[in-house]
Engineer: 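Before I ask anything, let me first share the structure, which is written out below as structure tokens.
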Amino acid sequence: MSLLIYNSLSGEKEEFVPVHPGRVGMYVCGPTVYGPCHIGHARSVVVFDVIARYLRIKGYDVKYVRNFTDVDDKIINRAAETGLSAAEVAEKYIAEFYRDMDALFVQRATVEPRATEHISDIIRVIQLLVDKGVAYESGGDVFFSVDRFPEYGKLSGRRLEEMDAGARIEVDKRKKNPFDFVLWKAEKPGEPSWDSPWGRGRPGWHIECSAMSTHYLGETFDIHGGGRDLLFPHHENEIAQSEAAFGRQFVRYWVHNGFVRIDKEKMSKSLNNFKTVKEILDSYDPEAVRLFLLSKHYRSPVDFSQASMDQSNDSGDGSDLWDRFCQAMDDDFNTARGIAVLFEAAREINRALDSGTNEDRCKAMEARETMVRIGSVLGLFNVSAREHLERQKDAVARETHIDSAKIDSMVAQRAAARKARDFATADRIRDQLAGLGVVLEDLPDGTTIWKFTGKG
RNA sequence: GGCGGCAUAGCCAAGUGGUAAGGCAUCGGUCUGCAAAACCGACAUUCUCCGGUUCAAAUCCGGAUGCCGCCUCCA
């Protein structure tokens, strides 16, 4: 069974063939750490987490590199605003990133490098470009010359002539072409800086990804990912730099995830309409958030709303199911179709358990194994159903200030009434509980569990 | 101005030539003291609209309308 991946470079689904058989090198652009993570970051991170997990379960030896951009204008500005150093700002938001992504059960990448740890690699690539005459220095800044890279625009599908340069920002007069971009920025007072052949300064944004990805994965590697918004100019520039410097194809498969939208509009820090991961996790179960993020194909936009999240919050022969899951995932990582298989597995388990014959019990075991396996790819079922229920109770109780001990005692009173066959009293208590948004479930063994419905 | 994407039931969402997955909601049934959960069944003759290609189209082509994105930092 071959794996198809949509390649932004060709605009088509292509059969996945790694550079080295059995091994996959994958680089995904991580966050610039100047503020809290929003649900858009989470989508990208979760999507590529699932892709890495799936490639591994298919048997590939995956080297997954995800960077942190820890030196940048925005970090420096943030430092100036808060009185912290740039390094302290970066450190703070890297810690928040881990807190949020760990909560979402995101696995760590193989390598998680930071730009500031690779200054010498960055300088080496810039030097190569200067030596080849593809980059030029001007007043301590170094620019990449897009005119020296004829294939510029091949990823984003635009030609330099078609683009409306300077429509929204003023063009730096020192640039030979308005689309030339900065590789190295000359030092300004109070900013972090490093020595370089062009004087003290710091790297531009795009160059760090070329330097770090090739450092860990080689000059040609398999998969490079990130949000759609990075396609231009960031990834276009990465291709230009890397291919100009090393003289060979940079990346085989470019993978871009779609946006999270709010009210049909892109969510972004600049539009200031973002929801942070932290605030969402205050109200919703982490696995529900994952399920929500994976409920649509990764390339399509997904609309965040209270209603759509509420919906995800309510959810809950074996090898055949696994094959069908793989078919979905082999088709450009179609998690939405994969989730359908998951629901079918759940139904199969329940059906087999209901019928209760030994043969069916075996089937249920098989289906359960498949379900756990699918869950391990999607990063679901990290906590038991029982623990899940307890967490949900705690969260709702905290939010609504309902005392769960009191509910427990009401449930016990009802149990006593039922035992005495005083169903009128039992039902009255149940109605009272319903008024508090509590629903009861009497189990066959005579015990009763309860949960909040969310509808008071 | 240039480039690109999307439009599928009340809602969410798969489906790139062969006759509409899955979930939520709703309505019946089994089970239950009654419920809940679970299971069984019902739920788009039709895929924004108009043309075209084809034996056959939600799927391909042309056009219209609507929504969104990129061309500036952004996952």
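Note that the structure is predicted; figures quoted are calculated from it, not measured. Labels below follow one simple rule: chain letters A, B, ... track the order of the sequence lines, proteins then strands, and each chain is numbered from 1. Basis for what follows: all heavy atoms, side chains included, without hydrogens, waters or symmetry-related copies.
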Engineer: Look at the side chain of Arg158(A) and decide which nucleotide, out of G22(B), C71(B), G15(B), has an atom nearest to it.
Structural biologist: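 Out of G22(B), C71(B), G15(B), the nucleotide with an atom closest to Arg158(A)'s side chain is C71(B).
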Engineer: Given the C1' atoms of C55(B) and C60(B), what is the spacing between them in whole Å?
Structural biologist: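 Their C1' atoms lie roughly 16 Å apart.
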Engineer: Ignoring the backbone of Val260(A), work out which of G23(B), A75(B), C67(B) is nearest its side chain.
Structural biologist: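 From the listed options, A75(B) comes nearest.
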Engineer: Could you tell me whether Arg414(A) contacts a base, only the sugar-phosphate backbone, or nothing, with contacts defined as non-hydrogen atoms closer than 4.0 Å?
Structural biologist: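 Base, at least one base atom sits under 4.0 Å.
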Engineer: Regarding Asp72(A), tell me which of base, sugar-phosphate or nothing describes its non-hydrogen contacts under 4.0 Å with the strands shown.
Structural biologist: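 No contact.
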Engineer: Ring of Phe48(A), cation from Arg66(A) - is the NZ or CZ under 6.0 Å from the centre and inside 45° of the axis?
Structural biologist: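 So Arg66(A) doesn't make the cation-pi contact.
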Engineer: Side chain of Ala340(A): nearest nucleotide among A14(B), A35(B), G22(B)?
Structural biologist: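 So the nucleotide nearest the side chain must be G22(B).
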Engineer: Taking any heavy-atom pair under 4.0 Å as a contact, classify Leu440(A): base, sugar-phosphate, or nothing.
Structural biologist: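 Base: the residue Leu440(A), judged by heavy atoms under 4.0 Å, touches a nucleobase.
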Engineer: Distance check needed: A14(B) C1' versus Tyr6(A) OH, whole Å only.
Structural biologist: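 Distance check: Tyr6(A) OH to A14(B) C1' gives 18 Å.
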Engineer: Would you please classify the geometry between the His38(A) ring and the Phe274(A) ring as parallel, tilted or perpendicular, with 30° and 60° separating the classes?
Structural biologist: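 The rings of Phe274(A) and His38(A) sit tilted, inter-plane angle from 30° to 60°.
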Engineer: Can you tell me how far P in A36(B) sits from the matching atom in G28(B), rounded to whole Å?
Structural biologist: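 Roughly 12 Å separates the two P atoms.
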Engineer: Quick one: label Ser295(A) by what it contacts on the DNA or RNA (base, sugar-phosphate, nothing), any heavy atom closer than 4.0 Å.
Structural biologist: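 Sugar-phosphate, backbone atoms only, no base.
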Engineer: Which of these nucleotides, C39(B), A13(B), C12(B), is closest to any side-chain atom of Gln311(A)?
Structural biologist: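 Of the candidates, C12(B) comes closest.
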Engineer: For Asp442(A), report the nucleic acid contact type (base, sugar-phosphate, nothing); a contact means any heavy atom under 4.0 Å.
Structural biologist: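 Result for Asp442(A) = base.
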Engineer: Looking at the side chain of Glu344(A), which of G22(B), G33(B), A75(B) is the nearest nucleotide?
Structural biologist: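 Of G22(B), G33(B), A75(B), G22(B) is nearest to the side chain of Glu344(A).
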Engineer: Distance check needed: A75(B) P versus Lys266(A) NZ, whole Å only.
Structural biologist: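 To the nearest whole Å, that distance equals 9 Å.
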Engineer: When you match Lys451(A) and Asp303(A) each to their closest nucleotide on RNA chain B, which lands nearer the 5' end?
Structural biologist: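 Looking at RNA chain B, the more 5' nearest nucleotide goes with Asp303(A).
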Engineer: Scan His38(A) against the nucleic acid and name what it touches under 4.0 Å (heavy atoms): base, sugar-phosphate only, or nothing.
Structural biologist: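 Answer is base: heavy atoms of His38(A) come under 4.0 Å of a base.
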Engineer: Would you indicate which nucleotide in A75(B), A14(B), C34(B) comes nearest to any side-chain atom of Asn334(A)?
Structural biologist: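 Looking only at side-chain atoms, Asn334(A) lies closest to A14(B).
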Engineer: Of all the choices, A75(B), G69(B), U16(B), which nucleotide is nearest to the side chain of Asp229(A) once you look at every atom?
Structural biologist: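 Output: A75(B).
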Engineer: Partner of C6(B) by Watson-Crick or G-U wobble geometry, both contacts under 3.5 Å, or none?
Structural biologist: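 Looking at the geometry, C6(B) pairs with G66(B).
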Engineer: For Arg418(A), report the nucleic acid contact type (base, sugar-phosphate, nothing); a contact means any heavy atom under 4.0 Å.
Structural biologist: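 Base contact.
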Engineer: Out of C68(B), A37(B), G33(B), which has the shortest distance to the side chain of Arg261(A)?
Structural biologist: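 Closest of the options to the side chain of Arg261(A): C68(B).
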Engineer: How close do His41(A) and Pro31(A) get, heavy atom to heavy atom, and via which atoms?
Structural biologist: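 Looking at all heavy atoms of both residues, the closest pair is CD2-CB, 4.4 Å.
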Engineer: Before we go on, tell me: are the rings of Phe181(A) and His206(A) under 6.0 Å apart, centre to centre?
Structural biologist: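 Distance test on ring centres: under 6.0 Å, yes.
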Engineer: Where the side chain of Phe232(A) is concerned, which of A13(B), G33(B), C70(B) is the nearest nucleotide?
Structural biologist: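 Looking only at heavy atoms from C-beta outward on Phe232(A), the closest nucleotide is C70(B).
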Engineer: So Gly226(A), base contact, sugar-phosphate only, or nothing? Heavy-atom distance under 4.0 Å.
Structural biologist: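 Counting heavy atoms under 4.0 Å across all strands, the contact made by Gly226(A) is with sugar-phosphate only.
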Engineer: Give a yes or no on whether a salt bridge exists between Glu151(A) and Lys154(A), defined as a side-chain N under 4.0 angstrom from a carboxylate O.
Structural biologist: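 Here Glu151(A) pairs with Lys154(A) in a salt bridge, since their nearest N and O are under 4.0 Å apart.
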